[in-house]
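In this chain, residues are counted from 1 in sequence order.
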Amino acid sequence: MPRPVLALLATALAFAGPALGEPGGPSSRAGTVTIQVDLSAHPPGEEARLWLPYPTSDAEQVIRGVTVSGDAAESAVYTDRVHQTPVLYARWAPGAATRRLTLQFEVERSEVVRRDFPAREAPWDPADYALDLAATRLGPVDGEVKALADQITRGKTTVLARARAVYDWIVENTYRDPATRGCGPGDVCNFLLKPGGKCADIHSAYVALARAAGVPAREVFGVRLGKRAEEDVTGAQHCWAEFYLPGYGWVPVDPSDVRKAMLTEKLHLLDQRTDQLREYFFGAIEPHRVKLSRGRDLVLAPPQDGPPVNYLMYPFAQVGGRTLDWLDPQAFRYTITFRAR
């Protein structure tokens with residue numbers, strides 16, 4: 001269970017001079033994000049289509065100064081029908097000599113701390129959170145996942161206790177595998193067989209196990225804001241998770257950042273530093289990230305060709321109806337940069 005606040009403060013003070021993006025570091029981050037996509041290298045005789053996650057303001061971030069430029073025949077912002085995720089869509093007609101688009105926006109992010117939990121949970125109706133309790137294509141909530149969730153949460157009678165039990169199990173039983181491509185596919189059953197991966201794998205497992213235990217949960221997809229004054233963050237995509245506490249609201253968790261720090265700093269589970277990170281990332285996230293989208297198994301708007309999109313964290317494009325590999329710089333040229341303010 002989480003330690004008292006004073007104990008957390010004492011632990012945080014033991015680590016002098018925290019860097020941006022660490023617990024105890026700066027509580028806000030602001031700057032300009034620029035996403036540039038160039039599909040010009042693909043056959044000019046075919047139609048090209050592009051979908052980009054489109055950021056919006058909420059209680060945790062302010063988005064302003066959004067500009068879209070380029071040479072697309074058409075572009076507009078739509079939302080998918082299930083998750084209401086905003087998406088910037090652009091299309092180039094066959095024969096276009098170049099296919100370039102730039103999305104730029106200013107962002108202000110605040111640290112999120114959600115730990116003033118009520119002593120008693122309010123009554124709630126699971127039907128109101130059916131989407132956040134449902135299975136996804138790669139995240140079942142029955143069978144072996146349900147059996148494991150029941151084992152992890154045995155004896156836990158509240159939503160908060162079950163959400164924490166799943167979080168602790170993820171921290172203790174998974175690991176960051178730097179060989180994982182991108183952020184990982186988020187295939188829960190395969191991941192649980194060999195629980196090494198990156199943020200999409202770890203948080204897909206958290207969400208599936210939480211949902212199987214009766215806790216509404218969801219992934220949040222975004223990109224990290226750089227730590228320097230200006231930085232290429234093209235490969236800095238990151239996701240985290242949230243669970244819903246009845247009568248309180250959505251609570252962020254990021255066990256993957258605990259495991260990432262354990263790998264990069266060569267920490268063990270019983271180290272004081274691990275304990276600090278573990279407590280911090282249950283109910284809090286630092287400000288050097290921007291939320292771009294939510295939802296799994298997306299049917300975009302306008303609809304893409306082929307199956308649902310697993311998640312929308314990277315730019316998604318199709319040329320002649322073929323989906324480009326967004327992790328292959330030869331097939332899909334784009335850059336994401338951050339300039340601090």
As a quick check of understanding, evaluate side chain to side chain contact (heavy atoms under 4.5 Å, CB included) for Leu225 and Arg109, giving each step before the final call. CA-CA 9 Å; Leu225 304 177; Arg109 274 294 297 199; 4.1 Å; yes

Let's go through Glu106 and Thr32 carefully: what are the C-alpha distance in whole Å and the side-chain angles of both, what is the deciding distance for side chain to side chain donor-acceptor pair (under 3.5 Å) to 0.1 Å, and is it a yes or a no? CA-CA 4 Å; Glu106 298 175 15; Thr32 301; 5.0 Å; no

Begin with the C-alpha distance, continue with both residues' side-chain angles, and end with the deciding distance and a verdict on salt bridge (charged side-chain N to carboxylate O under 4.0 Å, His left out) for Asp142 and Arg211. CA-CA 10 Å; Asp142 57 3; Arg211 290 179 176 184; over 6 Å; no

Can you check salt bridge (charged side-chain N to carboxylate O under 4.0 Å, His left out) on Arg278 and Glu172, steps first, answer last? CA-CA 10 Å; Arg278 180 172 177 165; Glu172 294 169 6; 2.3 Å; yes

For Asp254 and Ser256: C-alpha separation, side-chain torsions, deciding distance, then whether side chain to side chain contact (heavy atoms under 4.5 Å, CB included) applies. CA-CA 5 Å; Asp254 194 341; Ser256 77; 2.9 Å; yes

If you apply the rule side chain to side chain donor-acceptor pair (under 3.5 Å), what do you find for Arg339 with Thr34, and how did you get there? CA-CA 8 Å; Arg339 186 178 70 255; Thr34 304; 5.2 Å; no

Might you work through the salt bridge (charged side-chain N to carboxylate O under 4.0 Å, His left out) test for Arg91 and Glu47, ending with a clear yes or no? CA-CA 7 Å; Arg91 184 185 68 84; Glu47 180 185 62; 3.4 Å; yes

Could you go step by step and tell me if Arg322 and Glu46 meet the salt bridge (charged side-chain N to carboxylate O under 4.0 Å, His left out) rule? CA-CA 10 Å; Arg322 302 182 304 279; Glu46 298 179 315; 2.9 Å; yes

Is there a side chain to side chain contact (heavy atoms under 4.5 Å, CB included) between Leu131 and Val82 once you walk through the steps? CA-CA 9 Å; Leu131 185 62; Val82 176; 4.0 Å; yes

Please lay out, stage by stage, how Val33 and Ile336 fare under the test side chain to side chain contact (heavy atoms under 4.5 Å, CB included). CA-CA 7 Å; Val33 175; Ile336 306 174; 3.9 Å; yes

Checking ring pair (Phe, Tyr, Trp, His ring centres under 6.0 Å) for the pair Phe316/Trp51: CA distance, chi angles, key distance, verdict? CA-CA 5 Å; Phe316 182 86; Trp51 295 260; 5.5 Å; yes

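Under the 3.5 Å distance criterion, with hydrogens and angles disregarded, a donor-acceptor pair is assigned to the side chains of Tyr175 and Lys194. With no hydrogens or angles considered, no side-chain donor-acceptor pair links Asp232 and Thr337 at under 3.5 Å. Side-chain contact, Ser69 with Arg100: no donor N or O sits under 3.5 Å from an acceptor N or O. Side-chain atoms of Thr56 and Asp58 include no donor-acceptor pair closer than 3.5 Å. With no hydrogens or angles considered, no side-chain donor-acceptor pair links Tyr280 and Asp257 at under 3.5 Å.
Judged by the 6.0 Å and 45° rule, Arg164 forms no cation-pi pair with Trp169. Under the 6.0 Å distance and 45° angle rule, Arg294 does not count as a cation-pi partner of Phe221. Geometric assessment of Arg49 against the ring of Trp92 yields a negative cation-pi assignment under the 6.0 Å and 45° thresholds.
A distance below 6.0 Å separates the ring centres of Tyr244 and Trp250.
At least one side-chain heavy atom of Trp240 sits under 4.5 Å from a side-chain heavy atom of Arg289. Counting heavy atoms from C-beta outward, Ile63 and Val290 have side chains that approach closer than 4.5 Å. For the pair Leu298/Pro308, no side-chain contact is recorded, criterion being any heavy-atom separation below 4.5 Å from C-beta on. Using a 4.5 Å heavy-atom cutoff, the side chains of Phe243 and Pro216 are not in contact. A heavy-atom distance below 4.5 Å is found between the side chains of Pro255 and Ile202. Residues Arg273 and Glu265 meet the side-chain proximity criterion, which asks for heavy atoms closer than 4.5 Å. A 4.5 Å side-chain heavy-atom check between Leu52 and Val87 finds every atom pair outside the cut-off.
The only option from Gln61, Arg29, Arg64 that meets the side-chain hydrogen bond (donor to acceptor under 3.5 Å, both in side chains) definition with Glu108 turns out to be Arg64. Of the options Leu39, Leu101, Thr234, a side-chain contact (heavy atoms from CB on, under 4.5 Å) to Tyr334 is made by Thr234 and by none of the others.
The shortest non-hydrogen separation linking Thr153 to Ala165 is CG2-CB, 4.3 Å. Between Pro302 and Tyr89, the shortest heavy-atom contact is CD-CG, 3.4 Å. The minimum heavy-atom distance between Val145 and Ala208, with the atom names listed, is CG1-O, 4.0 Å. Asp80 and Thr85 make their closest contact through OD1-N, 2.6 Å (heavy atoms, listed as atom of the first residue, atom of the second, distance). Closest of all the heavy-atom pairs between Pro53 and Ser293 is CB-CB, 4.2 Å. Closest approach of Ala205 to Val188, counting heavy atoms only: N-CG2, 3.9 Å.
Although no hydrogens or angles enter the test, the distance criterion places a donor-acceptor pair under 3.5 Å between the side chain of Arg114 and the main chain of Tyr248. One N or O on the side chain of Glu121 and one on the backbone of Val159 form a donor-acceptor pair closer than 3.5 Å. Looking at Lys198, its side chain does come within 3.5 Å of a backbone N or O of Thr180 through a donor-acceptor pair. Counting only distance, with no hydrogens or angles, the side chain of Gln304 and the backbone of Pro307 share a donor-acceptor pair below 3.5 Å. Between the Gln276 side chain and the Gln272 main chain, no donor and acceptor come within less than 3.5 Å of each other. Between the His288 side chain and the Gly226 main chain, no donor and acceptor come within less than 3.5 Å of each other. No donor-acceptor pair under 3.5 Å is formed between the side chain of Thr323 and the backbone N or O of Gln318. Although no hydrogens or angles enter the test, the distance criterion places no donor-acceptor pair under 3.5 Å between the side chain of Lys146 and the main chain of Val141. The backbone N or O of Phe191 sits nowhere less than 3.5 Å from a side-chain atom of Asp201 that would complete a donor-acceptor pair. In terms of modelled atom types and a separation under 3.5 Å, the side chain of His238 and the main chain of Cys183 share no donor-acceptor contact.
Other residues, nucleotides and ligands contribute at most 12 non-hydrogen atoms within 6.0 Å of the CG atom of Leu270.
Each of Val113 and Leu245 belongs to its own hydrophobic cluster when Ile, Leu, Val, Met, Phe, Trp and Tyr are linked at side-chain heavy-atom distances under 4.5 angstrom. No chain of hydrophobic side-chain contacts below 4.5 Å, direct or via other Ile, Leu, Val, Met, Phe, Trp or Tyr residues, connects Leu292 to Val62. A continuous path of ILVMFWY side-chain contacts below 4.5 Å connects Ile170 to Val251, so both sit in one hydrophobic cluster. Linking ILVMFWY residues whenever their side-chain heavy atoms come closer than 4.5 Å, directly or via other members, places Val66 and Leu50 in the same cluster.
A perpendicular orientation is assigned to the rings of Phe282 and Phe117, their planes being inclined by more than 60° (bins at 30° and 60°).
Taken to the nearest 0.5 Å, the CZ atom of Phe281 stands 13.5 Å off from the CZ atom of Arg259.
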